[in-house]
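Just below is one structure, and these are the notes that go with it.
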Amino acid sequence: MKNKEVAEIFRKTAELLEIKGDNPFRIRAYERAAQTIESLTKDIEELAKEGRLENLPGIGADLAGKIKEILKTGTLSLYENLKKEIPPVLLNFLEIPSLGPKKVKAIYEKYGIISLDELEKACLQHKIAKLPGFGLKTEENILKGIKLIKEKTGRRPLGEVLPLAEEVIALIKSRAPLLQIEVAGSIRRRKETVKDIDVLITSTHPLEVMKVVSSLPLVEEVLAFGETKTSVRLKMGMQMDVRVVEPSAWGSALAYFTGSKAHNIRIRELALERGLKINEYGVFRGEERIAGKTEEEVYAILGLPFIPPELREDRGEIEAALQGRLPQLVNYEDIQGDGHVHSKYSDGMASLEEIMAKAEAMGLSWVAVCDHSQGLKVAGGVPVEDLFKKKKRIEELNARSKKVKLVFGAEVDILSDGTLDYPDEVLKEIDFVIAAIHTGFQQTEKQITQRIVSALKHPLVHALSHPTGRVIGEREPYAVNMEEVMKTAKEHGKALEINCYYKRLDLNDIHVKACVEMGIPLIIGTDAHIVDQMEYLRLGVSVARRGWCEKKDLLNTFTYDKFMEWLRGLRK
DNA sequence: GCCGTTTTCGGCCCGACTGTTTTCAGTCG
């Protein structure tokens, strides 16, 4: 957890420096450091102890010292001093579209405004328009922005936005004179949350395309209109940015609009080193355009293999590509099974037969049906006698079914003292035991870590479900020392789950990468409570890919027989 | 504030659109 805190201080420091009007490159250094630290798969405190901070990209002697200061004192004197100079509440103003650091500074210096309400009032009294560089339009935009913030339209879970984006794309495709269309940005990178929908189009009639886009029934408001770039706000509250380029620039534009920003900057620096220039229109040597039609072509001209969008976060993918050691990422087609669904036996809505049918429709060959254990009454925990009925029923169904097999599993509660919610003589009858915490979230880090560690050490447990307990936008992870959890998993050969219910995605990408580096087996589980939620499997694959997962790292790529063998092998 | 097979000082990614301006700064991605 420390990494996130250090990164947060650097990020806020960068923002305050921006408002102050400091050297932009110094600001970028803090931003870059924040991103680097956030993406680390190792504990920053460990790196500090080993004296390896300065090996991190973008961290020099000064920032290393500042990291140590944060680790030692819990804060940064530079940050504290900046906060005295510039009220940190002004950082909220940066969230308002059309307000950047310069304008925020001007408002603060002229009027001393430090709250959204004061700002709103000043706009209504037309005091803001009087400032140099401001006008009535700016005032209007600020008022709109404040309203949006009050309605809280922040980042949304990928699983919520992805279907929406696909719907909008299909709609544009059916109405506009275009050649190619694809979603770009963080959605294409499959980031766990997204702020807006980026769409790239090639067409020889850009103006007509943009007219179609801005008049879609889903559009609430046109924010900016141009032939190459148009931004709209959709009725569901999200912004959509649409870019149209010529077909010959498809690859360079797609690479550029897919990002991430940090990845793009590195790629452009790499181009400069080779005497080239990259923008969304192509790769140029001097005036001459030498590539741009496909992404492969753009990467190739820099001497790089194609880098999958999920890796484009400047988390070492460029170095790996340069050295020819990019991972062979797992594909959705490699997935044979879902490691975690619920049935009517606990709080799921589906019968075993329905689960089988859905699995068959999805082309899966096995599904682990892991219902809650007896103590979890609120979630219909399965009493022991029903457990054996379920086992018998699964055996009957498996005997009849050729294409899909069910795995008799249980999501067994880890009780507050670290013991499990079924006795050992019951656990040993369950083919797949995935342990999980559902209560006692408020325990200390030491207690929760200890609970999980002792469950993982239990010889009848195979895996740990939703290891950090976070729920995106709703609940922070519980206090748990993941290094310790991973170490234990590694030591005992146990698997950690990538729970891919769209609000969980737990483990996240960074944890997954750490597991891959350590050689810990991973298993994707949809945690589906209705059969349609099994479709979230693709989100799980996205997280796995973002975590550099290869086929061998995921138990879901095993055949049914091989998975069963793995389960039995652990208990020998 | 970082970084270096052109450099330890002087660079640091690139372009579109808006709103405020009579040529461009600021914002955004």
Side-chain angles (χ1 to χ4, degrees), chain A residues 10 13-14 17-19 21-36 53-67 76 78 93-107 128-142 144-145 184-189 194-200 206 210 214 222-232 239-245 249 252-253 255-284 302 314:
Chain A
F10 278 174
T13 301
L17 286 171
E18 255 197 307
I19 295 177
D22 210 282
N23 174 0
F25 300 107
R26 185 182 181 213
I27 293 165
R28 207 181 109 189
Y30 279 96
E31 279 168 355
R32 174 130 196 261
Q35 130 118 20
T36 301
L53 289 176
E54 286 185 53
N55 296 350
L56 298 172
I59 308 276
D62 183 273
L63 285 178
K66 290 198 164 85
I67 293 170
L76 182 65
L78 169 68
F93 290 5
L94 293 176
E95 306 285 318
I96 299 172
S98 78
L99 280 192
K102 298 285 193 311
K103 287 207 160 91
V104 168
K105 188 184 185 205
I107 293 170
I128 300 298
K130 292 197 186 94
L131 290 168
F134 288 71
L136 286 173
K137 200 79 192 199
T138 311
E139 233 166 26
E140 222 174 89
N141 284 336
I142 293 174
K144 272 189 210 160
S186 51
I187 298 181
R188 183 159 180 253
R189 301 200 312 279
V194 295
K195 193 161 65 76
D196 50 24
I197 301 173
D198 294 298
V199 178
L200 180 68
M210 290 312 198
S214 51
V222 179
L223 302 170
F225 185 92
E227 263 191 46
T228 56
K229 180 180 174 179
T230 289
S231 294
V232 298
Q239 183 169 327
M240 176 168 76
D241 297 323
V242 179
R243 303 283 303 237
V244 179
V245 297
S252 46
Y256 178 51
F257 296 120
T258 297
S260 65
K261 190 174 169 180
H263 177 87
N264 283 350
I265 289 176
R266 292 293 311 282
I267 289 292
R268 289 180 176 195
E269 285 170 350
L270 215 58
L272 280 180
E273 284 170 25
R274 289 156 170 70
L276 305 170
K277 188 182 81 163
I278 295 192
N279 59 27
E280 51 265 59
Y281 303 108
V283 183
F284 298 86
L302 297 176
D314 191 18

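No hydrogens, no waters, no symmetry mates; every other heavy atom, side chains included, goes into these values. Protein chains get the first letters and strands the later ones, always in sequence-line order, with residue 1 at the start of each.
- Across all strands, A:Lys105 comes closer than 4.0 Å to no nucleic acid atom at all (heavy-atom distances).
- Looking at heavy-atom distances under 4.0 Å, A:Tyr256 makes contact with a base.
- With sequence neighbours excluded, no residue forms a side chain to side chain donor-acceptor pair (under 3.5 Å) with A:Lys229.
- B:dC17 sits 22 Å from B:dT23 when the P atoms are compared, rounded to a whole Å.
- Across all strands shown, A:Asn23 has heavy atoms under 4.0 Å from base atoms, whether or not it also approaches the sugar-phosphate.
- Residues that satisfy the side chain to side chain donor-acceptor pair (under 3.5 Å) test with A:Asp241, not counting sequence neighbours, are A:Ser231, A:Gln239.
- Every residue was checked against the side chain to side chain donor-acceptor pair (under 3.5 Å) condition with A:Asp198, not counting sequence neighbours, and none meets it.
- Of all nucleotides in DNA chain B, those with any atom nearer than 4.0 Å to a heavy atom of chain A start and finish, going 5' to 3', at B:dG1 to B:dG29.
- Counting non-hydrogen atoms under 4.0 angstrom, A:Arg266 reaches nothing in the nucleic acid.
- When the side chain to side chain donor-acceptor pair (under 3.5 Å) test is applied to A:Glu54, no partner is found at least two apart in sequence or on another chain.
- A:Asp62 meets the side chain to side chain contact (heavy atoms under 4.5 Å, CB included) test with A:Tyr30, A:Lys66; sequence neighbours excluded.
- Pairing partner, B:dT8: none, since no Watson-Crick or wobble contact has both distances short of 3.5 Å.
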